[in-house]
Amino acid sequence: MSNVAITLPDGSVKQFDGPVTGAELAAAIGPGLAKAALAIKIDSEVLDLSRSIDADSTVEIVTRKSEDALDLIRHDTAHVMAEAVQALYPGTQVTIGPSIENGFYYDFAREEPFTPDDLEKIEAKMMEIIKRDDVFSREEWDRDDAVRHFTDIGEKYKAQLIHDLPATETISMYRQGDWMDLCRGPHLPSTGHVGKGFKLLKLAGAYWRGDSNNEMLQRIYGTSWRDEKELKAHLMMLEEAEKRDHRRLGREMGLFHFQEEAVGSVFWHPNGWTLYRTLETYIRARLDKANYVEVKTPQLIDRGLWEASGHWEKFRDHMFTAETEDDRVFALKPMNCPGHVQIFRQGMTSYRELPLRMAEFGSCHRYEPSGALHGLMRVRAFTQDDAHIFCTEDQITSETEAFCELLLSVYKDCGFEEVVIKFADRPETRAGEDAVWDRAEAALAEAVEASGLDYTLNPGEGAFYGPKLEFVLRDAIGRDWQCGTLQVDFVLPERLDASYIGEDGEKHRPVMLHRAILGSFERFIGILIENYAGRMPMWMAPVQAVVATITSDADAYAIEVRNALDAAGIRAEVDTRNEKINYKVREHSLAKVPTMLVVGQREVDDRKVALRRLGGKDQEFLALDEAVARLAEESKNPAEK
RNA sequence: GCCGCCGUAGCUCAGUGGUAGAGCGCACCAUUGGUAAUGGUGAGGUCGAGAGUUCGAUUCUCUCCGGCGGCACCA
């Protein structure tokens with residue numbers, strides 16, 4: 001029997017006469033750790049504490065404090081839930097139940113739907129199983145035996161899963177008491193380790209294997225943590241997220257509404273539209289500075305053009321169409337690119353004009369599936385901050401670099417500092433030859449490398465005409481939103497016959513770079529509202545300042561102050577209502593107005609204002625001129641600074 | 001589109017087989033009050049739409065529409 005040397009994370013080495021289990025290793029290090037140990041980690045692989053280590057290796061003992069512990073806890077909670085469900089509802093089949101961000105889910109096949117009341121019963125049963133504290137024991141099974149076993153007990157989904165596992169895969173089962181599940185593991189030592197820090201959250205439908213052609217299963221989502229304190233903190237976070245829901249804030253702040261006669265389309269109210277226009281003005285200024293030209297193309301275009309572009313074939317079901325009396329069919333544009341190519345095609349374009357950066361705040365309509373609609377985040381009528389850069393292959397790199405720089409700067413101005421980039425390559429169904437895709441992917445990869453930014457691969461997620469970069473920003477409460485995109489397209493210029501005259505006097509195909517920074521104004525505004533919880537930065541706020549009087553003696557002066565703010569380009573309102581100042585402060589604070597200028601007799605006498613910031617406790621007493629100058633500076637959009 | 005839940009006043013919600021209530025908001029009156037709710041009075045609802053069961057439906061059943069949570073989709 002050969003010796004085993006185990007290196008611990010602190011660099012120390014433990015020698016053993018032969019193979020040793022994780023539990024034995026922990027015990028050898030110390031009794032405290034032996035008690036706290038949940039699993040072991042060799043390289044980056046987490047394994048059961050009962051696994052035996054038979055070769056020299058670097059091993060970390062996973063305890064409840066470890067990052068890896070959460071994954072184990074969540075996965076085990078899913079197992080416990082599955083047992084509970086099968087105990088309460090015989091005949092229910094189990095399928096899969098992974099750990100996910102903040103929790104877990106398990107998909108079940110059962111005729112009768114679960115109800116919210118069932119969740120409580122299941123939780124109670126889970127508590128019993130956890131209290132029972134059964135050991136999770138691992139068994140390796142023969143593949144055929146495993147398939148037969150699950151088929152015999154009527155678990156056809158499990159049998160199918162095993163059947164489809166790669167031949168090289170070891171079939172492992174985990175037992176907890178009398179209940180057993182197919183599982184790759186690893187698991188905690190016993191069900192008791194799950195603890196009480198979990199809660200079942202919601203019921204949902206989910207397709208077997210994520211395919212909408214398959215039957216629908218019932219999914220139960222839960223959240224699970226190290227202890228009740230962490231659970232409580234997470235539930236608080238969920239409440240916080242609900243408070244910043246843009247649909248709720250949009251209504252409370254009177255920014256916009258939806259109604260059933262125009263499902264998926266926004267009715268922008270005055271304040272909401274002011275926010276929208278402010279953002280548009282800012283983006284337009286940034287594009288101007290970055291040497292884009294702006295255009296506007298038709299809403300309705302004959303289906304012939306969509307057939308030529310390839311969109312009709314692929315997206316016809318999601319296009320709104322209109323038929324005219326002369327039997328022509330027009331489509332409401334779902335995107336702007338074919339329109340931009342038409343402008344590009346007018347007259348002859350010289351290589352000297354490239355790169356040509358053609359921008360449009362393009363109003364698009366897409367018949368999105370009803371279940372996809374979600375406030376401003378997913379609508380059927382939206383406006384993109386779209387642009388197409390017509391350029392040569394040689395220019396892809398420099399245009400990509402310039403775009404990345406512009407995009408990051410815009411995000412920063414909007415309050416987003418954390419951005420990750422994903423490289424999405426060719427999807428299964430696509431247009432264009434593989435050789436063209438090779439070139440497009442290589443060019444884009446080279447360009448993003450040249451920009452010096454980190455990126456991860458998002459395989460198979462490219463557009464049907466070309467690979468793309470996806471720009472994902474992280475908001476104030478840690479949620480990720482994909483907004484920006486840059487797509488390399490060699491296909492559409494070919495299909496729609498766009499060409500330019502090169503240095504050699506011959507016709508050449510330009511490359512098109514499809515790109516957007518915000519994505520859609522609607523969605524980006526939704527993200528902004530949630531990011532700021534409705535408390536927009538000064539430059540975006542629909543109403544930037546309210547002048548509020550203490551008594552009616554200050555009315556005339558208050559109006560003068562409002563007019564001075566207005567003349568300085570500040571969006572200001574005046575509140576001379578016969579209400580107490582407490583009432584006004586509360587109301588405008590709830591409306592999330594960033595600054596309030598309170599004026600009473602003292603301010604009238606001294607030509608001053610009492611400046612109060614949203615959420616602040618103190619006031620600043622300033623001369624009127626100074627207050628106006630200061631607020632005017634703060635109100636400028638970042639492109640004006 | 002699929003699965004589940006939901007639809008009562010502008011908003012948040014209570015309630016009932018015999019056609020409805022609260023708080024906030026809104027209107028009016030009084031109050032002129034120094035930094036997150038002054039008091040009083042009043043108006044406001046085909047109980048999402050349609051059909052069915054019933055002597056009678058907001059309440060029970062069905063269909064449709066819409067919303068919510070997921071799944072699928074996202075040029």
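Chain letters run A, B, ... following the sequence lines, proteins first and then strands; every chain starts at 1.
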For this session: Between protein and nucleotides 22-29 of chain B, map the contacts as a letter string: B base, S sugar-phosphate only, - none, heavy atoms under 4.0 Å, written 5' to 3'.
Result: --------

For this session: Report, as a single string ordered 5' to 3', how protein heavy atoms within less than 4.0 Å touch nucleotides 67-75 of chain B: B base, S sugar-phosphate only, - not at all.
Result: SSBBBBBBB

For this session: Ignoring backbone atoms, establish whether Asn582(A) has a side-chain N or O less than 4.0 Å from OP1 or OP2 of A36(B).
Result: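 Indeed, a polar side-chain atom of Asn582(A) lies that close.
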
Exercise. Have Lys199(A) and Ser224(A) got a donor and an acceptor in their side chains that come within less than 3.5 Å?
Worked result: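 No donor-acceptor contact under 3.5 Å links the two side chains.
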
May I ask you to check whether [X] and [Y] place their ring centers less than 6.0 Å from one another?
X	Y	result
Phe361(A)	Phe521(A)	yes
Tyr106(A)	Phe104(A)	no
Tyr532(A)	His246(A)	no

Checking all strands, does [X] fall into the base, sugar-phosphate, or nothing category for heavy-atom contacts under 4.0 angstrom?
X	result
Leu201(A)	nothing
Arg602(A)	base
Ala548(A)	nothing
Ile581(A)	sugar-phosphate
Gln218(A)	nothing
Glu603(A)	base

Are [X] and [Y] in a cation-pi contact, defined as NZ or CZ under 6.0 Å from the six-membered ring centre and within 45° of the axis?
X	Y	result
Arg219(A)	Tyr105(A)	yes
Arg209(A)	Tyr207(A)	no
Arg509(A)	Phe490(A)	no

For this session: State, yes or no, whether a side-chain contact exists between Tyr89(A) and Glu112(A) at a heavy-atom distance under 4.5 Å.
Result: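 Side chain of Tyr89(A) against side chain of Glu112(A), heavy atoms only: no contact under 4.5 Å found.
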
For this session: Extract the stems that RNA chain B is part of, considering only consecutive pairing runs of at least three Watson-Crick or G-U wobble pairs, both distances under 3.5 Å.
Result: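 So the stems come out as B:1-7 with B:65-71, B:10-13 with B:21-24, B:26-30 with B:38-42, B:48-52 with B:60-64.
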
For this session: Kindly assign one of parallel, tilted or perpendicular to the pair Phe344(A) and Phe390(A), based on the angle between their ring planes and the thresholds 30° and 60°.
Result: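 Because their plane-to-plane angle is under 30°, the rings of Phe344(A) and Phe390(A) count as parallel.
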
Exercise. Once the angle between the rings of His365(A) and Phe320(A) is folded into 0 to 90°, is it parallel (under 30°), tilted (30 to 60°) or perpendicular (over 60°)?
Worked result: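 Ring orientation of His365(A) relative to Phe320(A): perpendicular.
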
Exercise. Is it true that Lys125(A) and Asp118(A) have a side-chain N and a carboxylate O under 4.0 angstrom from each other?
Worked result: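 No, this pair does not count.
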
For this session: Specify the residue among Lys617(A) and Leu217(A) whose closest nucleotide of RNA chain B lies further upstream toward the 5′ end.
Result: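 It is Leu217(A), whose closest nucleotide lies nearer the 5' terminus.
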
Exercise. Taking for each residue the nucleotide of RNA chain B with the nearest heavy atom, is it Leu611(A) or Pro113(A) whose nucleotide lies nearer the 5' end?
Worked result: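 Upstream on the strand: Pro113(A).
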
Exercise. Taking atom types as they are modelled, is there a donor-acceptor pair under 3.5 Å from the base of G4(B) to the side chain of Glu112(A)?
Worked result: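 Between G4(B) and Glu112(A), which were checked side chain against base, a qualifying N/O pair under 3.5 Å is absent.
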
